[in-house]
Amino acid sequence: MDSSINENPSPTRSRWRKVAYGGMQPGFDDNHTDETFLEAMVMNTNVVKRSMLKVMQDSVSISQYLCIVALVILVWTCTLRSTLNENTLLLLDVSLLGLGFLVLILTAEMMSLNLLFQYFINISFFTTGLYVLAPIYQTLTRSISSDSIWAVTVSLLILHLFLHDYSGSTIRAPGALKNPNLTSCISLNASVVASVFIASRLPSRIQVFAIMLFSLQVFLFAPLVTYCIKKYSFQLHLWFSFGLMVLTLAFVYMLHRLLFVLLLGLLVFVTVVCPYWLIRIQEFKFEINGPWDEAKLCFDITE
Amino acid sequence: MGDQKRHKILMVSDFFYPNFGGVENHIYYLSQCLLKLGHKVVVLTHAYGNRSGVRYMTGGLKVYYIPWKPFLMQNTLPTFYGTLPIMRTILIREKISLVHGHQAFSTLCHEALMHARTMGYKVVFTDHSLYGFADVGSIHMNKVLQFTLADVSQAICVSHTSKENTVLRSGLPPEKVFVIPNAVDTAMFTPAPEKLSHNEIVIIVISRLVYRKGADLLVEVIPEICRLFSNVRFIVGGDGPKRVRLEEMREKNSLQDRVEMLGAVPHARVRSVLISGHIFLNSSLTEAFCIAILEAASCGLLTVSTRVGGVPEVLPDDMIVLAEPDPSDMVRAITKAISILPKIDPQVMHLRMKKLYNWHDVAKRTEIVYDRALGCSNQNLVDRLSRYLPCGGWAGKLFCLVMIIDFLLWRLLQLWQPPEEIEEVPDFSLPNSECPEFKEDGSLSLR
């Protein structure tokens, strides 16, 4: 049925060209497909070869943060069981604050007295605010049962861990360029709400204040501090994480056997199984690029 | 004309007039030319505002605006089976022999093709867009397309790049995919009656000012060109979220007297804007075909464009200057275009475009595809299900389920309202109505 269209096929068949203009090409149907079809397609150009060791080292950040959260939960449990009194808690707060600052000062490249003063002012405002609000937190969830609170807290923490930005820190050092993305902000908020819920189960006002200060310090600033350490020296970061893991495991072992096994399993899963898995499934990667892709701009758009 | 050769075609897409764009244009012109070739063409789209029901357009083109509300970007809500009864009634009423769906975004098109296949009609699908393979949206769209194309009789793409893309996305054998480009109504886009002087060079940009159309490239390129050439002026037509950035750029470089921002330009006024310039600049980041380039070339403008998608296939090399989508290369291309500008004669370019692109040619080529589609063998449900099954582990079974339910619903409708009870529309033919825009074409008289 197509021969009717090619009315006079020229004796010397002109070559088929990959063009859209000029109507139907004489001697060729519109569904003509030759060896030039898909020749501009490239496969798997952006695939990175990953080494097991590198991926394992990178996964340490995740296990480290898991341990930090586990430690926070540990402190919460001890406070709720009244094994930690408010003085110890306040001492813990102050020493954590001091240690954090020490790390920031030691690792930061540009630290001026002015900036330090700024930090100090902010923290005193923050602490005063918390102290004033403590009575409100204390009675916030009085009418709700403890089980519900624990259930909500656990789900919030899981959400927090799921969405946490493990590569950087949500709270940025002053002068940082990029804004945190939406998921990491949701994660941070989830952790703050969890802290408020836990604090609201405590009997005394000073305890509420101390536990809130502790949780917020950790959730807001621990990522920043660990990020600073990591940027300063990767070796130090590995050692610090390793120490943190051992410490956490030891504490959890004292608290509960089953939890210890669970945490250990989780850490092994994150640092060994997941990297291995990632490298295995790399083989199945199939990426297609070609002229149909949207062009990427080679410059940054400054809004 | 022999009545047995006459096709009765139903064009389906969410996108039709009064909406405006490449797809709408394509459907309208293709339908007009098919009507001219003696076929019966009916267009099916969703209701636009209170425009609902049946309308007639130029040349007796019947348009059904079915009462479904669009919910996002002129798309109807995907209901899978909601449109089956009305679709079936229209297909029977109009004695349709072939269904032709347009555009992969259009949910109405996907549903229509599904129902048409269930009812045993032959279907043709035209893809007007390009899609990547990386992001979640594309993956979803590609699956939907795979579903629709799994059982399509023939498919049409508007450029070779688009064909490669469609074949990859849908897994259709390449022999089933035809390349039939868009065309341009050269009678509507004629060059300025007298040649513009070359003392001042005007560069025209007409596009929606959005990211995908490369408005950010313009922000980088325009100041650089204005710095290099003191006799160049820009006219930017179009509106969009990136307009603010362009205006900011104009302020910052104090180019208010050299960059004119027109805002949105209605299609009827595009020619009058185009003929006031020498060079047309297209900065798209992705483009399956780009009709705007054709319109500009038909008005005798030299085109400078980014080398993306199907753009390199659209015009012969001496009518277009291509550049990589980065500012420095685009500046180089514009410089080159300005240097070869004295050699360009708009009238000659217009005459060449007349030979290169023609809607009647598009219609005749589409007719061949229809003939092929009707030549395909009929298949029963089981044969057709076996085409859906290999579409993916889960997706294949899901697709089969969707088709089986559609088949059952169709059978139920057959019992409820037998086809004999549906009144058929008498065909009428307009006595030799000449639409003014096609008058000058002599090549039509082969029938």
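Lettering follows sequence order; numbering is per chain, from 1. The basis for the numbers below is simple: all heavy atoms, side chains too, and nothing from hydrogens, waters or symmetry mates.
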Tell me, for [X] versus chain A, whether the close heavy atoms (under 4.5 Å) come from the side chain, the backbone, both or neither.
X: B:Val179; result: both
X: B:Leu315; result: backbone
X: B:Glu220; result: side chain
X: B:Pro316; result: both
X: B:Val219; result: neither
X: B:Tyr211; result: side chain

In terms of side-chain heavy atoms, does [X] have a donor or acceptor partner in [Y] at a distance below 3.5 Å?
X: B:Thr126; Y: B:Gln103; answer: no
X: B:Asn182; Y: B:His128; answer: no
X: B:Asp185; Y: B:Tyr29; answer: yes

Using a 4.5 angstrom heavy-atom cutoff, name the option from [options] with the most pairs to chain A.
options: B:Ser284, B:Gly214, B:Ser138, B:Pro327; answer: B:Pro327
options: B:Ile156, B:Val167, B:Leu130, B:Leu285; answer: B:Leu285
options: B:Thr161, B:Thr306, B:Val158; answer: B:Thr161
options: B:Lys176, B:Arg212, B:Glu287; answer: B:Arg212

Legend entry - Top contributor to chain B contacts, counting heavy-atom pairs under 4.5 Å, from A:Thr36, A:Leu38, A:Asp293, A:Ile288: A:Leu38

Do the side chains of [X] and [Y] get close enough for a salt bridge, i.e. N-O under 4.0 angstrom?
X: B:Lys252; Y: B:Glu248; result: no
X: A:Lys296; Y: B:Asp326; result: no
X: B:Arg307; Y: B:Glu324; result: yes
X: B:Lys163; Y: B:Asp127; result: no

Inset, instruction - Examine A:Phe219 together with A:His160 and report whether their ring centres are nearer than 6.0 Å. - result: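 Yes.
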
Inset, instruction - Check whether the ring centres of B:His100 and B:Tyr370 lie less than 6.0 Å apart, and answer yes or no. - result: yes

Inset, instruction - Decide side chain to side chain donor-acceptor pair (under 3.5 Å) for B:Glu175 and A:Thr33; before the verdict, give the C-alpha distance in whole Å, the side-chain angles of both, and the deciding distance to 0.1 Å. - result: CA-CA 7 Å; B:Glu175 306 80 54; A:Thr33 312; 5.2 Å; no

Legend entry - Atom CH2 of A:Trp277 with >12 non-hydrogen neighbours under 6.0 angstrom: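 Result for CH2/A:Trp277: open.
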
Inset, instruction - For chain B, find its close neighbours in residues 53-69 of chain A: heavy-atom separation under 4.5 Å, sorted by number, or none. - result: none

